[in-house]
Amino acid sequence: MNRTILRLSRQALLGRRRGIVLVLIPGVLLVLAVVVSALTSDPSVGYEAVANLGFTLALPLVTLLAATAVLGPEVDDGSIVYLLAKPVSRHVIALSKFVVAWAATLVFGALPLFAAGLVLDVGDPRRAAAWGVGAAVAGTAYTALFLGLAAFTRHAVVVGLLFALLWEGVLGSVLDGIRWVAIGAWGREVAAAISSAVPDQSMGLGYAVVAAVVVTVAALWFTGDRLRSFTLRGDE
């Protein structure tokens with residue numbers, strides 16, 4: 001990893017309006033958890049609804065914003081050419097930007113899910129931890145995939161939203177087989193392996209972990225390869 005790239009990527013992530021949105025999304029999730037907890041004495045009521053909302057909506061949105069923020073603007077305004085002109089491996093650039101976006105995903109995506117779980121049912125920290133760990137696994141794969149999209153197209157936000165909301169959200173809830181190729185389902189399977197209170201996805205922990213690792217590694221390799229073939233004019 002390159003420390004300079006890490007610092008610049010962190011500034012790009014937190015110094016723009018997207019940084020505010022990154023805080024607002026988990027904030028809304030936590031407020032919703034507090035409201036649900038205050039309105040009912042039964043901890044099971046609303047737990048799955050809030051957890052599912054955080055897992056299927058908040059987590060992908062946070063990850064998409066983080067991944068595109070560390071790379072997308074540089075591609076859009078053409079400043080990426082100055083970075084690519086430096087004698088730094090393209091895969092080191094990709095890994096450095098991934099680490100920044102991944103850290104933001106953990107802080108603003110996985111950690112709020114864990115906190116919301118505790119708010120909803122402080123008596124079952126294992127289930128809250130399961131959601132947090134599952135979100136971390138899914139968020140890792142999401143980050144790498146969306147970073148690859150940012151390197152591939154200037155419309156990464158649109159494509160990422162279609163993938164998260166249409167493919168994994170709408171179609172994933174209708175077509176059972178999509179869980180095998182849905183990042184969110186892999187994270188849920190990991191969560192189910194930690195706590196029996198989390199619904200099982202019936203695909204096996206081994207498959208979920210291996211699939212997440214394969215997507216992460218492949219997407220990072222693709223990002224570095226895409227940057228290596230990026231022209232100095234910034235053309236796509």
Side-chain angles (χ1 to χ4, degrees), residues 10-70 72 100-143 146 157-158 160-170 172-173 182-192 194-199 201:
R10 183 177 67 252
Q11 292 174 350
L13 176 64
L14 301 178
R16 298 173 181 269
R17 294 180 180 178
R18 295 186 186 187
I20 299 177
V21 180
L22 281 175
V23 176
L24 288 178
I25 293 175
V28 171
L29 181 66
L30 290 174
V31 169
L32 179 60
V34 171
V35 171
V36 171
S37 178
L39 293 178
T40 177
S41 59
D42 185 357
S44 64
V45 175
Y47 193 108
E48 289 301 322
V50 175
N52 287 335
L53 179 64
F55 213 93
T56 60
L57 183 60
L59 178 64
L61 287 180
V62 164
T63 308
L64 179 61
L65 289 173
T68 55
V70 299
V100 174
W102 177 72
T105 295
L106 294 183
V107 173
F108 300 111
L111 186 59
L113 262 171
F114 168 68
L118 291 180
V119 170
L120 289 164
D121 188 3
V122 70
D124 190 4
R126 187 181 183 88
R127 178 161 58 161
W131 280 113
V133 173
V137 172
T140 300
Y142 275 133
T143 301
F146 293 150
V157 174
V158 176
L161 284 174
L162 289 175
F163 172 79
L165 301 181
L166 181 60
W167 176 258
E168 295 206 347
V170 177
S173 62
I183 295 175
W186 303 340
R188 290 170 182 269
E189 186 68 20
V190 173
I194 298 175
S195 173
S196 59
V198 179
Q201 299 298 299

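The first residue in the sequence is number 1, and the count goes up from there.
Among residues two or more places apart in sequence or in another chain, the side-chain contact (heavy atoms from CB on, under 4.5 Å) test is passed with Ala185 by Arg179, Ala182, Gln201, Met203. For Ala33, the side-chain contact (heavy atoms from CB on, under 4.5 Å) partners two or more places apart in sequence, or in a different chain, are Val50, Ala116, Val119, Leu120. Partners of Phe108 by ring pair (Phe, Tyr, Trp, His ring centres under 6.0 Å), not counting sequence neighbours: none found. Under the rule for a side-chain contact (heavy atoms from CB on, under 4.5 Å), the partners of Ala115 that lie at least two apart in sequence or sit in another chain are Leu30. With sequence neighbours excluded, the residues satisfying side-chain contact (heavy atoms from CB on, under 4.5 Å) with Leu161 are Leu61, Leu64, Val157, Leu165.
Taken from CG in Asp121 to CZ in Arg126, the straight-line distance is 14.0 Å, to the nearest 0.5 Å. To the nearest 0.5 Å, the span separating CG on Leu118 from CG on Leu113 amounts to 11.0 Å.
Across all their heavy atoms, Asp124 and Ala197 have their closest contact at OD2-CB, 4.3 Å. The minimum heavy-atom distance between Glu168 and Ile183, with the atom names listed, is OE2-N, 2.5 Å. Nearest heavy-atom pair, Ala130 versus Ser195, reported as atom, atom and distance to 0.1 Å: CB-CB, 3.7 Å. Residues Pro60 and Ala164 share a closest heavy-atom pair of CB-CB, 3.7 Å. Nearest approach of Ala66 to Ala104, heavy atoms of both residues: CB-CB, 4.0 Å.
Looking at Arg127, its side chain never comes within 3.5 Å of a backbone N or O of Val198 through a donor-acceptor pair.
None of Leu57, Val62, Thr56, Thr63 except one satisfies the side-chain contact (heavy atoms from CB on, under 4.5 Å) rule with Leu59; the exception is Thr63.
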Throw together a table of side-chain donor-acceptor distances under 3.5 angstrom for residues 19-27, partners on residues two or more places apart or in other chains.
none

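Residue pairs meeting the ring-ring contact (aromatic ring centres under 6.0 Å, His included) criterion with at least one member in residues 51-70, sequence neighbours excluded, are Phe55-Trp131. Within the structure, every pair that satisfies the side-chain hydrogen bond (donor to acceptor under 3.5 Å, both in side chains) test and touches residues 101-110, not counting sequence neighbours, is listed here: Trp102-Thr140, Thr105-Thr143.
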